Amino acid sequence: MTRTRRPIALLLMLSSLHWLASSDGDPAVNSRDAPKRPVLQPKETAPPQFTYTLKNLKGQVCVRASLGGEYVVRENKKKYYFNLDPSSTQASGYCRNQKSVLSLSFPGGNLEFTFIKEGDVSYVKTITGLLIPAPTCKNCQNKTYIGIVDHEKLFLAKNGLSFQCKSETTLILSNNLRLKLVPLQIQAFDLATGAFGKEVECWADYNKRMIPIVLGAVAAAVCLIAVLTYVLVRERRGRGYEQL
């Protein structure tokens with residue numbers, strides 16, 4: 001088992017022990033003392049944005065992530081949504097020269113990023129997600145949703161630069177679990193002052209910015225061609241009348 005998957009396995013183990021302990025005739029704990037669990041919503045709302053940071057042993061910021069996170073659960077051909085709540089989410093992990101891990105934990109779930117530094121670039125290699133929500137109906141069974149995106153080069157940027165995407169980023173973690181990040185700005189390694197470095201723009205933002213410019217240029221070119229055509233046609237007609 002890799003280090004990336006250990007937090008998820010641990011949470012699953014703790015969850016299993018909790019349900020086993022609570023399956024007896026008498027509840028293991030008072031319902032008021034039971035841990036809060038994510039409540040899935042039938043309608044989607046914009047997730048709140050928050051900046052999470054991680055510091056190394058020297059007290060320097062080594063990972064910085066500003067994002068709004070939303071889990072999308074597919075169950076019985078329906079979609080349910082859960083937004084990460086910054087007030088109940090804690091950042092933990094570790095930083096090394098070539099690898100860093102940022103783990104965002106909240107009651108009933110976890111979201112973890114594994115960063116890799118390779119030469120003059122850095123990227124996110126692995127994203128894991130875990131969600132143990134409250135049942136969506138009175139007689140519904142308890143379910144655990146877990147997923148992973150691995151061996152990728154996500155959010156690639158040169159060292160000292162941050163990756164930014166204001167557009168929605170959707171990642172398929174498993175058949176029943178998706179992750180939406182909007183907006184997103186993230187960086188690990190080489191945060192000189194603890195602040196984000198210069199932004200590297202994602203393709204979605206680039207296309208949104210360039211398409212109106214391209215369309216405007218095409219429209220201007222079409223108008224110019226139409227005007228020139230009109231002028232040339234008018235001049236030719238004028239010359240034809242003079243010959244008569």
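Predicted model, so just to flag it, every value in this text is computed and none were measured. Positions are given from 1 along the sequence.
A 4.5 Å side-chain heavy-atom check between F115 and I186 finds at least one atom pair inside the cut-off. Inter-residue side-chain proximity for L111 and L102 is flagged as unmet; no heavy-atom pair is nearer than 4.5 Å. Between R74 and N175 there is no side-chain heavy-atom pair separated by less than 4.5 Å. Looking only at side-chain heavy atoms (C-beta outward), L154 and F113 stay at 4.5 Å or farther from each other. Taking the side chain as every heavy atom from C-beta outward, K143 and V73 never approach each other to under 4.5 Å.
In this structure, F155 CZ and K125 NZ are separated by 16.0 Å, a value rounded to the nearest 0.5 Å. Atom-to-atom distance recorded for Y94:OH and L57:CG is 13.0 Å, nearest 0.5 angstrom. How far CG of L171 is from OG of S174: 12.0 Å, rounded to the nearest 0.5 Å. With rounding to the nearest 0.5 angstrom, the CZ atom of F82 is 9.0 Å from the CD atom of Q41. Rounding to the nearest 0.5 angstrom, the gap separating the CD1 atom in I148 from the OG1 atom in T128 is 6.0 Å.
For K58, the side chain to side chain contact (heavy atoms under 4.5 Å, CB included) partners at least two apart in sequence or on another chain are N56, Q60. Evaluation of the side chain to side chain donor-acceptor pair (under 3.5 Å) rule for Y145 yields E75 as partners, not counting sequence neighbours. The side chain to side chain contact (heavy atoms under 4.5 Å, CB included) check on P47 picks up E70, N83, V182, with sequence neighbours excluded. With sequence neighbours left out, F50 forms a side chain to side chain contact (heavy atoms under 4.5 Å, CB included) with Y52, P86. Applying the side chain to side chain donor-acceptor pair (under 3.5 Å) test to K158 and every residue at least two apart in sequence or in another chain returns nothing. Evaluation of the salt bridge (charged side-chain N to carboxylate O under 4.0 Å, His left out) rule for E199 yields no partner, not counting sequence neighbours. Here D190 pairs with K117 under the salt bridge (charged side-chain N to carboxylate O under 4.0 Å, His left out) rule; sequence neighbours left out. With sequence neighbours excluded, the residues forming a side chain to side chain donor-acceptor pair (under 3.5 Å) with D85 are S87, listed by chain and number. Among residues two or more places apart in sequence or in another chain, the salt bridge (charged side-chain N to carboxylate O under 4.0 Å, His left out) test is passed with K55 by none. With sequence neighbours left out, the side chain to side chain contact (heavy atoms under 4.5 Å, CB included) criterion links T51 to T53, R64, S66. Checked against salt bridge (charged side-chain N to carboxylate O under 4.0 Å, His left out), E168 has the following partners two or more places apart in sequence or in another chain: K180.
Sorted by first and then second residue, the ring pair (Phe, Tyr, Trp, His ring centres under 6.0 Å) pairs with a member in residues 118-141 form an empty list; sequence neighbours excluded.
Of all heavy-atom pairs spanning A157 and V200, the tightest one is CB-CG2, 3.9 Å. Listed here is the closest heavy atom pair of P107 and P38: O-CD, 3.3 Å. For the pair C165 and T169, the tightest heavy-atom approach, listed with the atom from each and the gap, is SG-OG1, 3.8 Å. Residues P135 and Q141 approach most closely at CB-O, 4.2 Å, considering heavy atoms. C95 approaches S100 most closely through the heavy-atom pair CA-OG, 3.5 Å. Contact detail for Y71 and L130: the closest heavy-atom pair is OH-N, 3.5 Å.
No chain of hydrophobic side-chain contacts below 4.5 Å, direct or via other Ile, Leu, Val, Met, Phe, Trp or Tyr residues, connects I146 to V72. Under the 4.5 Å side-chain heavy-atom criterion for grouping Ile, Leu, Val, Met, Phe, Trp and Tyr, I116 is not connected to L161 through any hydrophobic cluster. Following chains of ILVMFWY side-chain contacts shorter than 4.5 Å, one cannot reach L191 starting from V124, and the two form parts of different hydrophobic clusters.
Judged by distance alone, the side chain of Q185 and the main-chain N or O of F196 form no donor-acceptor pair under 3.5 Å.
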